[in-house]
Undergrad: 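One structure, pasted below without further comment.
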Number of protein chains: 2
Amino acid sequence: MTNISSDVIRGYNDTMILYLLRQGPSYGYEISKKIKELSGEKYIIKETTLYSAFTRMESKELITSYSGESESGKKRTYYRITDQGETYYRERVDEWNLTKDVIEKFIAV
Amino acid sequence: MTNISSDVIRGYNDTMILYLLRQGPSYGYEISKKIKELSGEKYIIKETTLYSAFTRMESKELITSYSGESESGKKRTYYRITDQGETYYRERVDEWNLTKDVIEKFIAV
DNA sequence: TAAAATACCACGTCTGTCGTAGTATGTCAA
DNA sequence: TTGACATACTACGACAGACGTGGTATTTTA
């Protein structure tokens, strides 16, 4: 079976995370499950990739974090998208449409 | 204007080069001009990226090289796709179709 | 009561891309 | 004839994102 390589999805992890955060604040474990689910099990983000994406995006001020708790009292770090993150997301969507068209020129029928 | 970032096209440079080599042997400068042309000037591959892709693909035996000359007598290195390169190309096409579907799930309408 | 799920983090490595810079030849216009 | 521009590469080092490995700690479930 063909798998999605990291070089190919690279540059879209941030976009996927932002897409999910646009629906409301969330945290690592939940995001990772949602990516798996939404992609129809076709893409499973690595934990380290996910958490380093959070760090990177927070330093770029695309997201902010705050501490929360699960129902059972476990600590969690929640992330929320910022206005800059919204803008960034929309730019990535535009870029995706452009990139898609370019790549398809090199995909033989 | 939105531009195509290297993180996004990353992983497709090899595929684009192989697509062009499937049409017959070619060399660096020509490949780079064809990529620019076929992409409608939307993507211009960097010289260093191109030549390092050649080296990488040759070591992976996806392409082979041989020396030739231009009409005016200048030396050129030509590249030809191998059977392994053909197979690799088709795998990347499959992967692209998969990846495209996944990413589009995270692109808001 | 042990395994699995939840929830995260540190550290170091790898790979592809790219910036900078350099070599060398051919062509064409002022 | 000279200088700019196109052609055709190559070397070297830096950088960023992804990921492998391994670790901590709590809760839930079989």
Side-chain angles (χ1 to χ4, degrees), chain A residues 3-18 20 25-37 43-60 62-63 65-79 88 92 95 99 103, chain B residues 3-18 25-37 43-60 62-63 65-79 88 92 95 99 102-103:
Chain A
N3 278 305
I4 297 177
S5 71
S6 44
D7 274 331
V8 159
I9 211 86
R10 191 190 176 104
Y12 280 103
N13 282 319
D14 290 5
T15 306
M16 290 191 265
I17 295 164
L18 291 175
L20 295 170
S26 187
Y27 57 96
Y29 200 76
E30 193 181 45
I31 293 275
S32 105
K33 280 193 299 177
K34 281 189 177 173
I35 287 175
K36 186 180 164 193
E37 206 184 295
Y43 181 55
I44 293 163
I45 193 168
K46 301 289 179 300
E47 278 185 63
T48 36
T49 302
L50 178 61
Y51 290 107
S52 77
F54 281 143
T55 310
R56 179 174 59 250
M57 289 200 286
E58 192 167 16
S59 79
K60 289 206 252 167
L62 305 175
I63 57 174
S65 66
Y66 60 94
S67 293
E69 279 188 3
S70 71
E71 307 70 44
S72 52
K74 279 191 80 176
K75 269 189 187 171
R76 265 183 202 153
T77 306
Y78 282 90
Y79 294 93
Y88 181 85
R92 291 291 76 68
E95 189 184 0
T99 307
I103 294 179
Chain B
N3 277 303
I4 297 178
S5 71
S6 44
D7 275 331
V8 159
I9 212 85
R10 192 188 175 105
Y12 279 101
N13 282 319
D14 290 6
T15 307
M16 289 191 266
I17 295 165
L18 291 175
S26 188
Y27 56 95
Y29 200 75
E30 194 181 45
I31 294 276
S32 105
K33 280 194 297 178
K34 282 191 178 174
I35 286 176
K36 184 179 163 191
E37 206 183 294
Y43 181 56
I44 294 161
I45 194 168
K46 302 288 178 302
E47 277 185 65
T48 36
T49 302
L50 179 61
Y51 291 106
S52 80
F54 281 143
T55 310
R56 180 173 58 248
M57 289 199 289
E58 192 167 18
S59 79
K60 289 205 254 169
L62 305 176
I63 58 175
S65 66
Y66 61 93
S67 293
E69 277 188 4
S70 70
E71 307 70 43
S72 52
K74 280 191 77 176
K75 270 189 185 168
R76 264 184 204 154
T77 307
Y78 282 89
Y79 294 93
Y88 181 86
R92 290 290 76 66
E95 188 186 1
T99 307
V102 168
I103 294 180

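Predicted model, so just to flag it, every value in this text is computed and none were measured. Just so we're on the same page: letters track the sequence lines, and every chain starts at 1.
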Undergrad: Do A:K74 and D:dT26 share a donor-acceptor pair, side chain to base, under 3.5 Å?
TA: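 For A:K74, whose side chain was compared with the base of D:dT26, there is a donor-acceptor pair (under 3.5 Å).
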
Undergrad: In whole Å, what is the span from the CD1 atom of B:I44 to the P atom of C:dG19?
TA: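 Interatomic distance, CD1 of B:I44 to P of C:dG19: 12 Å.
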
Undergrad: Rounded to the nearest 0.5 Å, what's the gap from CZ on A:R10 to CG on B:D7? Could you check?
TA: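 Between atom CZ of A:R10 and atom CG of B:D7 there are 5.0 Å.
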
Undergrad: Report yes if the side chains of B:F54 and B:E58 come closer than 4.5 Å at any heavy-atom pair, otherwise no.
TA: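 B:F54 does not reach B:E58 side chain to side chain.
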
Undergrad: Verify the contact: side-chain N or O of B:R76 to OP1 or OP2 of C:dT25, cut-off strictly under 4.0 Å; return yes or no.
TA: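 Negative; the distance criterion is not met.
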
Undergrad: Is there a donor N/O on one and an acceptor N/O on the other, under 3.5 Å, for the side chain of A:E47 and the base of D:dC19?
TA: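 A donor-acceptor contact between them is absent.
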
Undergrad: In residues 4-14 of chain A, what residues come within less than 4.0 Å of DNA chain D, judged by heavy atoms?
TA: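 Listed by number, they are A:S6, A:R10, A:G11, A:N13.
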
Undergrad: Please report the distance, rounded to the nearest Å, between CG in B:L50 and P in C:dG16.
TA: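 Taking atom P of C:dG16 as the reference, CG of B:L50 is at 15 Å.
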
Undergrad: Does the side chain of A:Y27 get closer than 4.0 angstrom to OP1 or OP2 of C:dA7 through an N or O atom?
TA: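 For A:Y27, the contact criterion (side-chain N or O under 4.0 Å from OP1 or OP2 of C:dA7) is met.
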
Undergrad: Closest nucleotide of DNA chain D for A:Y43 versus for B:Y51: which of these residues is on the 5' side?
TA: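 Result: B:Y51.
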
Undergrad: Starting from C1' on C:dC8, measure out to CD on A:E69 and report it in whole angstrom.
TA: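 My rounded result for the distance is 15 Å.
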
Undergrad: Nearest to the side chain of B:K46, which nucleotide is it out of C:dG19, C:dT17, C:dA7?
TA: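 Closest of the options to the side chain of B:K46: C:dG19.
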
Undergrad: Under the rule for side-chain contact (heavy atoms from CB on, under 4.5 Å), what residues qualify as partners of A:K33, not counting sequence neighbours?
TA: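 By the side-chain contact (heavy atoms from CB on, under 4.5 Å) rule, A:K33 matches A:Y29.
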
Undergrad: Rounded to the nearest Å, what distance is computed from the OH atom of residue A:Y79 to the P atom of nucleotide C:dA7?
TA: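 Whole-Å distance recorded here is 13 Å.
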
Undergrad: Which whole-number value in Å describes the distance from B:E58 CD to C:dG16 P?
TA: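 Rounded to whole Å, this separation is 15 Å.
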
Undergrad: Which heavy-atom pair separates A:Y51 from A:G28 by the least distance, and what is that distance?
TA: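 Here A:Y51 and A:G28 meet closest at OH-CA, 3.7 Å.
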
Undergrad: What integer distance in Å separates A:M57:CE from D:dG17:P?
TA: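 The distance from CE of A:M57 to P of D:dG17 comes to 11 Å, rounded to the nearest Å.
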
Undergrad: Round to a whole Å and report the spacing from CZ of B:F54 to P of D:dA11.
TA: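 From B:F54 CZ to D:dA11 P: 15 Å.
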
Undergrad: Just how far is it from atom CG of A:L50 to atom OG1 of A:T55, taken to the nearest 0.5 Å?
TA: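 Interatomic distance, A:L50 CG to A:T55 OG1, rounded to 0.5 Å: 9.5 Å.
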
Undergrad: Between C:dC9, D:dC12, D:dG20, which nucleotide gets closest to the side-chain atoms of B:T48?
TA: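 Looking only at heavy atoms from C-beta outward on B:T48, the closest nucleotide is D:dC12.
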
Undergrad: Where does the angle between the aromatic ring planes of A:Y27 and A:Y78 fall among parallel (under 30°), tilted (30 to 60°) and perpendicular (over 60°)?
TA: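 Perpendicular.
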
Undergrad: How is A:S52 classified with respect to the nucleic acid when contacts are heavy atoms under 4.0 Å: base, sugar-phosphate, or nothing?
TA: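 No contact at all - A:S52 keeps every heavy atom at 4.0 Å or more from the nucleic acid.
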
Undergrad: Whole angstrom is fine here: how far is it from CD1 in B:I31 over to C1' in D:dA8?
TA: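 Rounded to the whole Å, the gap is 13 Å.
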
Undergrad: For the residue pair B:L18 and B:R92, establish whether any side-chain heavy-atom pair is separated by less than 4.5 Å.
TA: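 No. Closest side-chain heavy atoms not under 4.5 Å.
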
